[in-house]
Amino acid sequence: MKRKQVYTLLVILCAVGFYLFETYYQPPAVKEAQEEGEVPKETTNSFFLPSSTTGQVIHHNYFSLSYSEPHEQAEWVAYELKKKHLSNNNFKRPYFEVDQAVRTKAAHWRNYKNSGYDRGHLCPAGDRSFSREAFEETFITSNISPQMHDFNSGIWNRLEQKVRYWAQRYDGVYVVTGGILEDRLHSIGEEEVSIPKYFYKVLLDNSGGRTKMIAFLLPHAASDRPLYEFVVSVDSIEKRTGIDFFPQLEDGKEARLEAKSDYKEWSFQ
DNA sequence: CTGGACTTC
DNA sequence: GAAGTCCAG
(Lines give C-alpha, C1' and ligand atoms only; values in the text may rest on other atoms or scores of the structure.)
Protein backbone atom coordinates (compact mmCIF):
# COMPACT_ATOMS: atom_id res chain seq x y z
CA MET A 1 0.00 0.00 0.00
CA LYS A 2 1.30 3.41 -0.91
CA ARG A 3 1.79 6.14 1.67
CA LYS A 4 -0.95 8.26 0.12
CA GLN A 5 -3.47 5.44 0.44
CA VAL A 6 -2.55 4.96 4.08
CA TYR A 7 -3.21 8.61 4.80
CA THR A 8 -6.54 8.47 2.98
CA LEU A 9 -7.56 5.43 5.02
CA LEU A 10 -6.60 7.16 8.26
CA VAL A 11 -8.64 10.23 7.39
CA ILE A 12 -11.67 8.08 6.59
CA LEU A 13 -11.31 6.14 9.85
CA CYS A 14 -11.12 9.38 11.82
CA ALA A 15 -14.22 10.73 10.10
CA VAL A 16 -16.20 7.56 10.77
CA GLY A 17 -14.99 7.48 14.36
CA PHE A 18 -15.99 11.09 14.92
CA TYR A 19 -19.40 10.49 13.38
CA LEU A 20 -20.03 7.46 15.59
CA PHE A 21 -18.89 9.37 18.66
CA GLU A 22 -21.11 12.36 17.89
CA THR A 23 -24.07 10.12 17.21
CA TYR A 24 -23.90 7.70 20.09
CA TYR A 25 -21.78 9.18 22.87
CA GLN A 26 -23.59 10.43 25.95
CA PRO A 27 -22.07 11.77 29.14
CA PRO A 28 -21.80 8.94 31.69
CA ALA A 29 -24.23 10.45 34.18
CA VAL A 30 -26.99 10.68 31.60
CA LYS A 31 -26.34 7.22 30.25
CA GLU A 32 -26.45 5.62 33.66
CA ALA A 33 -29.69 7.34 34.46
CA GLN A 34 -31.26 6.00 31.29
CA GLU A 35 -30.08 2.47 31.93
CA GLU A 36 -31.56 2.54 35.38
CA GLY A 37 -34.92 3.38 33.88
CA GLU A 38 -35.19 6.65 35.76
CA VAL A 39 -35.79 8.55 32.61
CA PRO A 40 -37.69 10.64 32.75
CA LYS A 41 -38.26 10.36 36.47
CA GLU A 42 -41.93 10.22 37.25
CA THR A 43 -42.90 13.40 35.50
CA THR A 44 -42.33 13.08 31.79
CA ASN A 45 -43.70 10.09 30.01
CA SER A 46 -41.22 9.34 27.27
CA PHE A 47 -44.13 7.98 25.29
CA PHE A 48 -45.06 11.52 24.37
CA LEU A 49 -41.64 12.96 23.64
CA PRO A 50 -41.35 14.87 20.35
CA SER A 51 -38.79 14.06 17.69
CA SER A 52 -35.51 15.97 17.68
CA THR A 53 -34.13 17.87 14.70
CA THR A 54 -30.78 18.33 16.43
CA GLY A 55 -29.99 14.81 17.64
CA GLN A 56 -29.29 15.99 21.15
CA VAL A 57 -32.11 14.95 23.46
CA ILE A 58 -31.39 15.24 27.16
CA HIS A 59 -33.45 13.73 29.95
CA HIS A 60 -33.31 15.54 33.22
CA ASN A 61 -35.09 14.26 36.28
CA TYR A 62 -38.16 16.42 35.87
CA PHE A 63 -38.25 17.35 32.18
CA SER A 64 -36.61 16.50 28.88
CA LEU A 65 -35.27 18.75 26.15
CA SER A 66 -33.72 18.82 22.71
CA TYR A 67 -30.79 21.23 22.53
CA SER A 68 -29.95 23.28 19.45
CA GLU A 69 -26.27 24.21 19.52
CA PRO A 70 -26.48 26.82 16.72
CA HIS A 71 -29.20 28.67 18.60
CA GLU A 72 -27.73 27.95 22.07
CA GLN A 73 -31.09 26.97 23.52
CA ALA A 74 -33.57 24.12 23.45
CA GLU A 75 -35.75 23.62 20.39
CA TRP A 76 -38.24 22.01 22.75
CA VAL A 77 -38.67 21.26 26.43
CA ALA A 78 -41.22 18.59 27.33
CA TYR A 79 -42.80 17.43 30.57
CA GLU A 80 -46.04 16.25 32.06
CA LEU A 81 -47.96 18.48 34.40
CA LYS A 82 -50.18 16.56 36.81
CA LYS A 83 -52.64 17.94 39.29
CA LYS A 84 -50.42 16.73 42.11
CA HIS A 85 -47.51 18.80 40.74
CA LEU A 86 -49.36 22.03 41.39
CA SER A 87 -48.26 23.69 44.59
CA ASN A 88 -47.82 27.04 46.18
CA ASN A 89 -44.32 26.46 47.45
CA ASN A 90 -42.36 29.64 47.44
CA PHE A 91 -38.80 28.46 47.03
CA LYS A 92 -36.01 30.97 46.72
CA ARG A 93 -34.83 31.37 43.14
CA PRO A 94 -31.29 29.97 42.78
CA TYR A 95 -28.60 31.07 40.34
CA PHE A 96 -28.69 29.63 36.85
CA GLU A 97 -26.22 26.87 36.05
CA VAL A 98 -24.81 25.77 32.74
CA ASP A 99 -26.38 22.45 31.77
CA GLN A 100 -23.49 20.01 32.02
CA ALA A 101 -25.43 17.32 30.20
CA VAL A 102 -25.20 19.27 26.94
CA ARG A 103 -22.08 17.82 25.38
CA THR A 104 -21.75 20.65 22.85
CA LYS A 105 -21.61 23.00 25.84
CA ALA A 106 -24.75 24.87 26.78
CA ALA A 107 -24.85 28.66 26.79
CA HIS A 108 -23.63 30.56 29.84
CA TRP A 109 -26.11 32.73 31.71
CA ARG A 110 -23.72 35.69 31.26
CA ASN A 111 -24.98 35.96 27.68
CA TYR A 112 -28.22 37.28 29.17
CA LYS A 113 -26.66 39.72 31.64
CA ASN A 114 -27.42 43.33 30.73
CA SER A 115 -28.80 42.13 27.40
CA GLY A 116 -32.16 43.69 28.02
CA TYR A 117 -33.76 40.27 27.80
CA ASP A 118 -35.15 38.01 30.50
CA ARG A 119 -33.85 34.51 31.12
CA GLY A 120 -37.24 33.14 30.19
CA HIS A 121 -37.98 29.68 31.47
CA LEU A 122 -39.28 27.15 28.94
CA CYS A 123 -40.27 24.65 31.61
CA PRO A 124 -41.59 27.19 34.14
CA ALA A 125 -40.27 27.10 37.68
CA GLY A 126 -43.90 27.39 38.73
CA ASP A 127 -44.66 24.02 37.10
CA ARG A 128 -41.91 22.22 39.06
CA SER A 129 -42.44 23.69 42.51
CA PHE A 130 -43.63 20.41 44.03
CA SER A 131 -40.12 19.88 45.39
CA ARG A 132 -37.02 21.97 45.89
CA GLU A 133 -35.04 19.59 43.70
CA ALA A 134 -37.49 19.89 40.82
CA PHE A 135 -37.77 23.66 41.21
CA GLU A 136 -34.02 24.18 41.17
CA GLU A 137 -33.55 21.89 38.19
CA THR A 138 -35.43 24.36 36.00
CA PHE A 139 -32.67 26.92 36.60
CA ILE A 140 -30.29 25.61 33.97
CA THR A 141 -29.29 27.45 30.84
CA SER A 142 -30.66 24.79 28.49
CA ASN A 143 -34.12 25.58 29.84
CA ILE A 144 -34.17 29.30 29.05
CA SER A 145 -34.59 31.55 26.04
CA PRO A 146 -34.17 35.32 25.66
CA GLN A 147 -37.55 36.90 26.23
CA MET A 148 -38.62 40.50 26.44
CA HIS A 149 -39.78 41.20 29.96
CA ASP A 150 -43.14 42.59 28.90
CA PHE A 151 -43.77 39.40 26.93
CA ASN A 152 -42.52 37.04 29.62
CA SER A 153 -44.40 38.63 32.47
CA GLY A 154 -47.40 39.34 30.29
CA ILE A 155 -49.05 37.10 27.76
CA TRP A 156 -46.50 34.27 28.15
CA ASN A 157 -47.10 34.23 31.88
CA ARG A 158 -50.84 34.20 31.26
CA LEU A 159 -50.46 31.18 28.99
CA GLU A 160 -48.38 29.34 31.61
CA GLN A 161 -51.03 30.00 34.21
CA LYS A 162 -53.69 28.76 31.81
CA VAL A 163 -51.72 25.53 31.41
CA ARG A 164 -51.71 25.12 35.20
CA TYR A 165 -55.44 25.71 35.22
CA TRP A 166 -55.91 22.98 32.62
CA ALA A 167 -53.62 20.63 34.55
CA GLN A 168 -55.83 21.15 37.58
CA ARG A 169 -59.00 20.65 35.60
CA TYR A 170 -57.99 17.74 33.37
CA ASP A 171 -55.35 16.23 35.69
CA GLY A 172 -52.38 15.74 33.49
CA VAL A 173 -51.40 17.51 30.34
CA TYR A 174 -48.25 16.95 28.36
CA VAL A 175 -46.52 20.21 27.59
CA VAL A 176 -44.03 20.92 24.83
CA THR A 177 -42.68 24.43 24.53
CA GLY A 178 -39.94 26.43 22.84
CA GLY A 179 -39.05 29.27 20.54
CA ILE A 180 -39.30 29.04 16.76
CA LEU A 181 -35.63 28.63 15.83
CA GLU A 182 -35.04 29.99 12.34
CA ASP A 183 -32.04 31.19 10.39
CA ARG A 184 -30.69 34.70 10.77
CA LEU A 185 -32.25 35.50 14.13
CA HIS A 186 -30.76 38.30 16.18
CA SER A 187 -28.80 37.13 19.20
CA ILE A 188 -27.39 38.15 22.56
CA GLY A 189 -24.04 37.58 24.24
CA GLU A 190 -20.68 36.27 23.13
CA GLU A 191 -22.15 32.86 22.42
CA GLU A 192 -24.88 34.39 20.25
CA VAL A 193 -28.00 33.03 21.86
CA SER A 194 -30.79 33.41 19.30
CA ILE A 195 -33.76 35.64 20.07
CA PRO A 196 -36.84 33.85 18.71
CA LYS A 197 -39.50 35.90 16.95
CA TYR A 198 -42.18 33.46 18.06
CA PHE A 199 -42.73 31.08 20.95
CA TYR A 200 -44.98 28.06 20.84
CA LYS A 201 -46.66 25.73 23.28
CA VAL A 202 -48.23 22.41 22.33
CA LEU A 203 -50.47 20.59 24.79
CA LEU A 204 -51.87 17.09 24.82
CA ASP A 205 -54.46 15.89 27.28
CA ASN A 206 -54.83 12.15 27.51
CA SER A 207 -57.22 11.97 30.44
CA GLY A 208 -60.66 10.47 30.55
CA GLY A 209 -59.91 7.99 27.79
CA ARG A 210 -59.88 10.73 25.20
CA THR A 211 -57.03 12.55 23.56
CA LYS A 212 -57.18 16.20 22.70
CA MET A 213 -54.60 18.74 21.59
CA ILE A 214 -54.19 22.46 21.44
CA ALA A 215 -51.30 24.59 20.22
CA PHE A 216 -50.38 28.24 20.61
CA LEU A 217 -48.07 30.37 18.51
CA LEU A 218 -47.28 33.70 20.14
CA PRO A 219 -45.35 36.54 18.51
CA HIS A 220 -42.46 37.60 20.75
CA ALA A 221 -44.09 40.84 21.80
CA ALA A 222 -46.31 42.15 24.55
CA SER A 223 -50.00 41.64 23.90
CA ASP A 224 -53.28 42.15 25.70
CA ARG A 225 -55.18 39.98 23.26
CA PRO A 226 -57.02 36.93 24.62
CA LEU A 227 -55.06 33.69 24.42
CA TYR A 228 -57.52 31.85 22.19
CA GLU A 229 -56.69 34.23 19.37
CA PHE A 230 -53.27 32.56 19.18
CA VAL A 231 -54.49 28.99 18.79
CA VAL A 232 -53.10 27.23 15.72
CA SER A 233 -52.93 23.64 14.54
CA VAL A 234 -50.09 21.40 15.70
CA ASP A 235 -49.43 20.77 12.01
CA SER A 236 -48.61 24.42 11.42
CA ILE A 237 -45.99 24.37 14.20
CA GLU A 238 -44.52 21.14 12.90
CA LYS A 239 -44.19 22.77 9.51
CA ARG A 240 -42.31 25.74 10.95
CA THR A 241 -40.02 23.77 13.26
CA GLY A 242 -39.55 20.40 11.59
CA ILE A 243 -40.46 18.76 14.89
CA ASP A 244 -42.85 15.80 15.01
CA PHE A 245 -44.66 16.37 18.28
CA PHE A 246 -46.53 13.15 18.95
CA PRO A 247 -45.04 10.45 16.73
CA GLN A 248 -46.16 7.75 19.17
CA LEU A 249 -49.86 8.24 18.46
CA GLU A 250 -51.52 6.01 15.92
CA ASP A 251 -51.03 7.73 12.57
CA GLY A 252 -54.68 8.34 11.72
CA LYS A 253 -55.41 9.72 15.17
CA GLU A 254 -52.29 11.87 15.11
CA ALA A 255 -53.15 13.33 11.72
CA ARG A 256 -56.71 14.10 12.72
CA LEU A 257 -55.80 15.78 16.01
CA GLU A 258 -52.82 17.72 14.69
CA ALA A 259 -54.81 19.23 11.83
CA LYS A 260 -57.33 20.82 14.18
CA SER A 261 -57.06 24.43 15.23
CA ASP A 262 -60.28 24.80 17.19
CA TYR A 263 -60.34 25.02 20.95
CA LYS A 264 -63.89 24.08 21.89
CA GLU A 265 -62.70 21.20 24.09
CA TRP A 266 -60.42 23.46 26.12
CA SER A 267 -62.04 25.69 28.68
CA PHE A 268 -60.95 29.32 28.64
CA GLN A 269 -63.23 30.07 31.62
C1' DC B 1 -46.73 34.52 39.05
C1' DT B 2 -42.84 36.35 35.52
C1' DG B 3 -38.37 38.54 36.15
C1' DG B 4 -33.91 42.32 36.78
C1' DA B 5 -30.55 45.35 39.34
C1' DC B 6 -28.15 47.30 43.07
C1' DT B 7 -25.36 47.15 47.41
C1' DT B 8 -22.52 44.71 50.60
C1' DC B 9 -19.38 41.36 52.14
C1' DG C 1 -19.73 34.78 43.66
C1' DA C 2 -23.41 34.82 47.34
C1' DA C 3 -26.95 37.13 50.01
C1' DG C 4 -30.05 40.77 51.02
C1' DT C 5 -32.99 44.34 49.46
C1' DC C 6 -35.72 46.87 46.24
C1' DC C 7 -37.86 47.23 41.82
C1' DA C 8 -41.45 46.39 37.58
C1' DG C 9 -45.10 43.91 34.51
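Every chain is numbered from 1, with letters handed out A, B, ... down the list of sequences. Worth saying up front: this structure is predicted, and the values here are computed from it rather than measured.
Atom CD of A/E160 and atom P of B/dG3 are 7 Å apart (whole Å). Between the OH atom of A/Y117 and the C1' atom of C/dG9 there is a distance of 17 Å, rounded to whole Å. Atoms CZ (A/F139) and P (B/dT2) sit 8 Å apart, rounded to a whole Å. Across the protein-nucleic acid pair, A/R119 atom CZ and B/dG3 atom P stand 10 Å apart, rounded to whole Å. The interatomic distance linking A/K162 (NZ) with B/dC1 (C1') rounds to 14 Å, in whole Å. With rounding to whole Å, A/W109 atom CH2 is found 16 Å from B/dG3 atom P. For the pair A/H149 NE2 and B/dT2 P, the interatomic distance rounds to 12 Å; values are reported in whole Å. Nucleotide C/dG9 holds its C1' atom 14 Å from the CD atom of A/Q147, rounded to whole Å.
For A/Q161, counting side-chain heavy atoms from C-beta on, the closest listed nucleotide (B/dC1, B/dT2, B/dA5) is B/dC1. For A/N152, whose side chain is taken as the heavy atoms from C-beta onward, the closest listed nucleotide among B/dT2, B/dG4, C/dG9 is B/dT2. Candidate nucleotides B/dC1, B/dG3, C/dG9 were compared by shortest atom distance to the side chain of A/R93, and B/dG3 ranks first.
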| request: Give the intermediate values and the outcome of ring-ring contact (aromatic ring centres under 6.0 Å, His included) for residues A/Y198 and A/F230. | output: CA-CA 11 Å; A/Y198 295 87; A/F230 299 95; over 10 Å; no
| query | Can you list the steps and then say if A/F151 with A/F199 is a ring-ring contact (aromatic ring centres under 6.0 Å, His included)? | reply | CA-CA 10 Å; A/F151 170 80; A/F199 287 91; 5.5 Å; yes
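Taking the centre and axis of the six-membered ring of A/Y170, the NZ or CZ atom of A/K212 falls inside the cone set by 45° and 6.0 Å. The cationic atom of A/R93 (NZ for Lys, CZ for Arg) does not lie both less than 6.0 Å from the six-membered ring centre of A/F139 and within 45° of the ring axis.
Mapping A/F96 and A/N89 onto DNA chain B by nearest heavy atom places A/N89 at the nucleotide closer to the 5' end. Mapping A/S115 and A/F135 onto DNA chain B by nearest heavy atom places A/F135 closer to the 5' end of the strand.
For B/dG3, one of the phosphate oxygens OP1 or OP2 lies less than 4.0 angstrom from a side-chain nitrogen or oxygen of A/H121.
Of the inter-residue distances, the one linking A/F96 atom CZ with A/N143 atom CG reads 7.5 Å to the nearest 0.5 angstrom.
Among the heavy atoms of the strands lying under 4.0 Å from A/N90 are primed sugar atoms or P, OP1, OP2 only; no base atom is included. Residue contacts shown for A/G154 are absent, as no nucleic acid heavy atom lies under 4.0 Å away.
When all heavy atoms of A/H220 and A/Q147 are compared, the closest pair comes out as NE2-CA, 3.3 Å.
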Got a list of protein N/O to nucleotides 3-5 of chain C N/O distances below 3.5 Å?
| residue | atom | partner | partner atom | Å |
| --- | --- | --- | --- | --- |
| C/dA3 | N7 | A/Y95 | OH | 3.1 |

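Inspection of the A/Q56 and A/T104 side chains reveals an N or O donor paired with an N or O acceptor under 3.5 Å.
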